[in-house]
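A, B, ... follow the sequence lines: proteins, then strands. Residue 1 opens every chain.
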Amino acid sequence: MDAYEYLSVLNKEQREAVVHSGSPLLILAGAGSGKTRVITTKIAYMISELGINPYSILAVTFTKKAANEMQERAVLLEPQAVKSQIRTFHSFGSWFLRRYAEEAEIDKNFTVYDDDDMVSLLLKEFPEMNRQQAGGVAHKISRAKDYCLLPEDEDKFSLYNLELTKEVYERYQNRLRQTGNVDFGDLIMLPVLLLKQNEKIRADIHSRFKVVMVDEYQDSNVAQFALLEQLAGPETYICVVGDDDQSIYKFRGAEVENILTFQDHFAGTQIIKLETNYRSVPPVLALANSVIKNNKNRLGKNLVPFRIGEKKAVLSFLSNQDDEVEYVCNLIQKSHREGVPYADWAVLYRTNAQSLGFETEFLHKKIPYSVVGTLKFYQREEIKDALSFLSFLANPKDEVAFSRIVNKPSRGIGEVRQEKILETYKNNANSTLLEKYSLIDACLDTVSSFPAKAKTGLNSFIQVVQNLQTMLQENSANGEDKSLVEQLAEVSLKSDSSSLQGDLETQVVSDSFKSTKRLSELVEKMIKDSGFQEYYENQDEISHTQKVNNLQELINSASLYSLSFQGLSDFLDHIELDRTLELADEEEENPDRVTLITVHNTKGLEFPRVVLTGMENGLFPRGDKDEDEIEEERRLFYVGITRAKDELYFTSCGFRRMYGHTEVSQPSSFLLELDRKNVVFNGNVPIAFRSEKSSVGKSFNQSTMEGRWKRGVKIYHDDYGYGYIMATDDSGDEYLISVQFESGMVKRFMPRYQSNRLTIIND
DNA sequence: GACAGTGAAATTTTT
DNA sequence: TTTCACTGTC
């Protein structure tokens with residue numbers, strides 16, 4: 001495609017952003033304002049019109065999904081963009097650390113520890129802690145790393161409310177370094193430190209990346225900002241894109257300040273605002289604007305609709321979760337009968353736990369769906385076991401992985417004997433002469449002291465590991481240090497030659513694909529030889545689980561990688577850095593599915609029809625939030641609303657089951673902020689929503705009928721016992737209430753005439 | 001070191 | 001209601 005062609009579909013501001021060069025650029029892009037189009041066009045434009053080497057362009061995003069989409073779209077506009085680095089922050093960190101592993105003093109074959117692994121490691125270092133305490137510490141260490149704080153920065157911990165001591169953090173960090181692995185925080189923090197202190201690497205990186213772009217910049221944290229600062233050389237072109245109204249990861253260290261103060265840090269910054277929304281119909285935008293304007297801490301902007309349409313949103317008040325599920329099913333099924341594809345629908349919720357009800361009923365009603373972003377698959381016991389085994393093969397110093405697999409299935413290596421192996425390991429590994437000393441060596445050195453049963457068990461374990469390692473070695477090509485794409489990219493930078501490179505690249509890659517065995521062979525062998533297969537077959541039989549199937553799924557996904565150390569490392573990286581499992585087979589068979597997804601996960605996505613469920617106080621917004629946190633919840637609500645293209649629905653329940661108990665719930669206070677002109681009500685509408693006037697004054701007034709006998713109030717009736725007011729009705733001459741009793745029975749009363757039999761219970 | 005029995009906690013949001 | 005960590009027994 002010709003540059004004029006792809007520029008011509010942009011509006012004035014978008015085009016301005018695309019062709020901008022020279023000074024740093026901050027693009028404030030409202031929801032649905034064509035942000036991705038601008039970034040991808042900009043990448044294509046820089047390559048084809050400005051003659052910038054694609055290899056020197058780095059674009060970082062927040063999620064893998066966004067990164068993939070960005071790369072795909074950029075490549076469509078400009079094929080050379082395949083050579084650009086388009087990655088998530090964390091995957092960039094991983095790439096960087098593998099490249100400079102030696103300088104960073106970590107193992108080149110490191111694997112990434114997730115939160116669970118952090119906890120396991122902490123428990124090893126601090127046996128006196130329980131799991132929960134270790135979890136708390138892990139969380140605080142992660143936060144410290146988000147702020148790029150080292151143990152010696154102890155005096156700054158209190159600034160961020162981190163109840164963490166230098167000693168604990170330091171001991172954890174040392175132990176982690178011993179394993180040769182890194183955690184998520186390290187993936188950002190270590191590159192920052194290395195770039196700060198190593199001039200050569202800094203120069204190296206500055207000469208490589210001439211352009212650095214950051215998407216979803218509002219969700220970057222302090223460490224990520226520091227990384228951006230380090231990546232920016234004197235001649236680097238920096239361009240960040242974000243929307244302060246969509247900052248929803250403060251709980252994880254995101255700093256809205258990064259976007260609010262960008263121009264202070266990067267001198268001469270130009271700001272371009274994109275406020276035309278191409279996604280949603282006007283009522284949706286009016287609702288979004290009416291909500292977000294209640295936030296004080298924002299730069300301030302208004303979405304201006306491009307589209308036309310006047311279909312109002314629908315807010316339904318339902319009695320309980322079951323009704324909510326039923327209502328959503330009906331919406332979807334009715335529209336489907338009218339020819340609307342399932343895939344047009346997305347059901348959004350605040351917490352993952354809420355998906356269950358929908359899943360059950362969708363299955364029952366045969367509504368195809370897919371749940372986005374549940375980590376469940378990789379948290380399953382059998383999958384973690386298999387992955388630990390693979391991690392151990394990649395890095396035989398990984399003690400967390402080792403402990404997890406050495407005695408599973410039972411080989412007679414209990415805690416005491418594991419301790420002994422670890423001790424042997426530490427004694428030998430600490431003497432610098434034996435840098436290559438692994439946990440397997442420690443096993444070999446310890447095994448002779450064990451009694452017969454343990455000896456046999458451990459020997460067979462060693463044997464399995466060694467066989468698999470041999471298999472890996474035999475199939476790893478010589479000097480296979482870098483991936484093929486990387487090698488080719490480097491050649492291309494040096495010779496900077498023709499457009500043949502794209503062809504050359506695909507050719508070589510596909511050749512290697514043909515000639516190399518698949519990693520799935522190794523995974524399959526590992527699962528059989530380790531005894532996992534048999535172990536989980538037995539479990540499946542006893543408790544009717546699907547564990548062997550899940551393992552099979554893991555084997556399948558490994559078939560995309562080559563059988564080599566590089567392939568293994570890529571596979572593990574891919575899994576650690578992108579936990580969303582693509583259910584490729586199932587999805588390909590029938591891509592027409594309803595999307596079930598948390599509001600957080602919808603960032604960057606859009607759907608023709610959106611249902612925002614569970615709009616109740618305590619759930620959305622979640623309870624015990626201070627004003628700042630309420631603002632973040634409000635931004636989250638704003639993100640949810642702005643996902644909708646054509647139709648938007650809200651649901652709110654009067655009762656919600658939690659922990660097996662049914663609790664009364666009040667409609668979300670955010671619903672009161674919705675612009676009434678653009679929403680219609682449905683179901684048992686609470687008084688607060690009946691008219692503008694009554695929304696504040698009346699309903700809180702204890703002296704009126706409506707004030708006292710309101711929805712959710714617990715009552716006692718002499719004849720029927722305890723119950724809740726599930727609906728009220730003031731449309732007639734007399735004020736009416738509907739009460740649901742514990743028996744399940746629903747009765748209507750006129751409270752004025754029941755004062756001797758009906759009492760309000762104050763808990 | 002496996003297992004049953006108990007009691008308490010659990011549901012934020014994720015790279 | 002379900003799950004998980006902890007305890008005591010074999």
Side-chain angles (χ1 to χ4, degrees), chain A residues 60-67 87-94 112-116 118-119 123 129-135 138-139 142-143 145-146 182-189 215-216 219-221 223-224 227 246-254 321 348-357 372-376 378-379 381 407-418 451 453-454 457 542 573-580 597-604 614 616 618-625 629 632-633 635-637 639-640 656-663:
Chain A
V60 279
T61 68
F62 199 66
T63 65
K64 193 87 172 190
K65 198 168 187 168
R87 294 173 166 272
T88 64
F89 260 113
H90 290 89
S91 109
F92 173 76
S94 167
V112 181
Y113 274 175
D114 65 13
D115 295 356
D116 281 346
M118 283 179 83
V119 170
L123 287 173
M129 286 185 192
N130 64 33
R131 231 186 156 77
Q132 204 178 13
Q133 290 168 318
H139 179 253
S142 293
R143 281 298 78 72
K145 291 183 177 182
D146 286 343
V182 298
D183 57 24
F184 274 111
D186 284 341
L187 287 176
I188 311 298
M189 186 175 78
D215 189 17
E216 305 286 5
D219 282 319
S220 59
N221 61 34
Q224 287 161 336
L227 182 58
Q246 292 185 66
S247 168
I248 54 175
Y249 284 103
K250 192 162 185 195
F251 70 93
R252 222 177 63 191
Q321 279 165 69
L348 277 52
Y349 35 81
R350 180 64 180 76
T351 66
N352 273 311
Q354 287 165 259
S355 75
L356 196 67
V372 174
T374 43
L375 306 175
K376 275 186 189 144
Y378 293 107
Q379 282 174 344
E381 184 195 4
N407 199 34
K408 199 165 193 178
S410 175
R411 296 186 179 89
I413 321 291
E415 219 171 304
V416 182
R417 288 182 192 134
Q418 283 180 40
K453 189 176 168 236
I542 297 162
D573 239 30
H574 176 86
I575 286 170
E576 279 307 332
L577 302 177
D578 179 20
R579 296 307 200 68
T580 52
I597 190 167
T598 63
V599 189
H600 276 90
N601 260 321
T602 61
K603 194 166 70 162
E616 295 134 39
L619 187 62
F620 196 179
R622 278 200 63 81
D624 57 51
K625 294 276 180 178
E629 291 171 317
E632 174 140 319
E633 295 271 317
R635 289 193 291 269
L636 187 60
F637 185 44
V639 167
R656 185 161 291 272
R657 262 193 316 275
M658 261 175 161
Y659 314 129
H661 278 284
T662 302
E663 304 278 331

For [N], does OP1 or OP2 lie under 4.0 Å from any side-chain N or O of [X]?
| X | N | value |
| --- | --- | --- |
| Arg252(A) | dT14(B) | no |
| Asn601(A) | dT14(B) | yes |
| Asn352(A) | dT13(B) | yes |
| Asn221(A) | dT15(B) | no |

Write down the distance between [atom1] ([X]) and [atom2] ([N]), rounded to a whole number of angstrom.
| X | N | atom1 | atom2 | value |
| --- | --- | --- | --- | --- |
| Phe620(A) | dT11(B) | CZ | P | 19 Å |
| Glu576(A) | dT14(B) | CD | P | 16 Å |
| Phe251(A) | dT13(B) | CZ | P | 8 Å |
| Asp116(A) | dT14(B) | CG | P | 15 Å |
| Lys408(A) | dG1(B) | NZ | P | 14 Å |
| Phe89(A) | dT14(B) | CZ | C1' | 15 Å |
| Lys64(A) | dT15(B) | NZ | C1' | 11 Å |
| Ile248(A) | dT15(B) | CD1 | P | 11 Å |

Checklist entry - Does a sphere of radius 6.0 Å around CD in Glu629(A) hold more than 12 heavy atoms from other residues, nucleotides or ligands, not counting ones at 6.0 Å or beyond? => result yes

Next on the checklist: Quick check on Gln132(A): does its CD atom have over 12 non-hydrogen neighbours (other residues, nucleotides or ligands) under 6.0 Å away?
Outcome noted: no

Checklist outcome for this item: Rounded to the nearest 0.5 angstrom, the CZ-CG distance for Phe89(A) and Leu187(A) is 12.5 Å

Checklist entry - Hey, what do you get for CE (Met118(A)) to OG (Ser142(A)), rounding to the nearest 0.5 Å? => result 3.5 Å

Item to check | Distance, P atom - from dC4(C) to dT13(B), rounded to whole angstrom | outcome: 15 Å

Checklist entry - What interatomic distance, in whole Å, is found between P of dC6(C) and the corresponding atom of dT11(B)? => result 16 Å

Dump every N/O contact between nucleotides 4-10 of chain B and the protein below 3.5 Å, one line per pair.
{"residue": "dA10(B)", "atom": "OP1", "partner": "Gln132(A)", "partner atom": "NE2", "Å": "3.1"}

Within the 4.0 Å heavy-atom criterion, would you say [X] contacts the bases, only the backbone, or no part of the nucleic acid?
| X | answer |
| --- | --- |
| Tyr249(A) | sugar-phosphate |
| Asn130(A) | sugar-phosphate |
| Ser91(A) | nothing |

Checklist entry - Can any side-chain N or O of Glu576(A) pair as donor or acceptor with the backbone N or O of Asp573(A) at less than 3.5 Å? => result no

Checklist entry - Do any N or O atoms from the side chain of Asp146(A) and from the backbone of Asn221(A) form a donor-acceptor pair under 3.5 angstrom? => result no

Item to check | Residue met sooner reading DNA chain B from 5', once Ile413(A) and Arg622(A) are mapped to nucleotides | outcome: Ile413(A)

Checklist entry - Starting at the 5' end of DNA chain B, which residue's closest nucleotide do you reach first, Thr63(A) or Ala353(A)? => result Ala353(A)

Checklist outcome for this item: Picking from dA2(B), dT11(B), dT15(B), the nucleotide nearest the side-chain atoms of Ser410(A) would be dA2(B)

Checklist entry - Which nucleotide in the set dT12(B), dT15(B), dT11(B) lies at the smallest distance from any side-chain heavy atom of Glu633(A)? => result dT12(B)

Item to check | All side-chain hydrogen bond (donor to acceptor under 3.5 Å, both in side chains) counterparts of Arg622(A), not counting sequence neighbours | outcome: none

Next on the checklist: Going by the rule side-chain hydrogen bond (donor to acceptor under 3.5 Å, both in side chains), which residues pair with Glu632(A) if we only count those two or more places apart in sequence or in a different chain?
Outcome noted: Arg635(A)

Item to check | ring pair (Phe, Tyr, Trp, His ring centres under 6.0 Å) partners for Phe251(A), two or more places apart | outcome: Tyr249(A), His600(A)

Checklist outcome for this item: The first and last nucleotides of DNA chain C lying within contact of chain A, meaning any atom under 4.0 Å from one of its heavy atoms, run from dT1(C) to dC6(C)

Checklist entry - Is the charged tip of Lys145(A) near the ring of Phe184(A): under 6.0 Å from the six-membered ring centre and within 45° of its axis? => result no

Checklist entry - Does the base of dT13(B) carry an N or O that pairs as donor and acceptor with the side chain of Arg350(A) under 3.5 Å? => result yes

Item to check | Sequence-distant partners of Lys250(A), salt bridge (Lys or Arg N to Asp or Glu O under 4.0 Å), two or more places apart | outcome: Asp628(A)

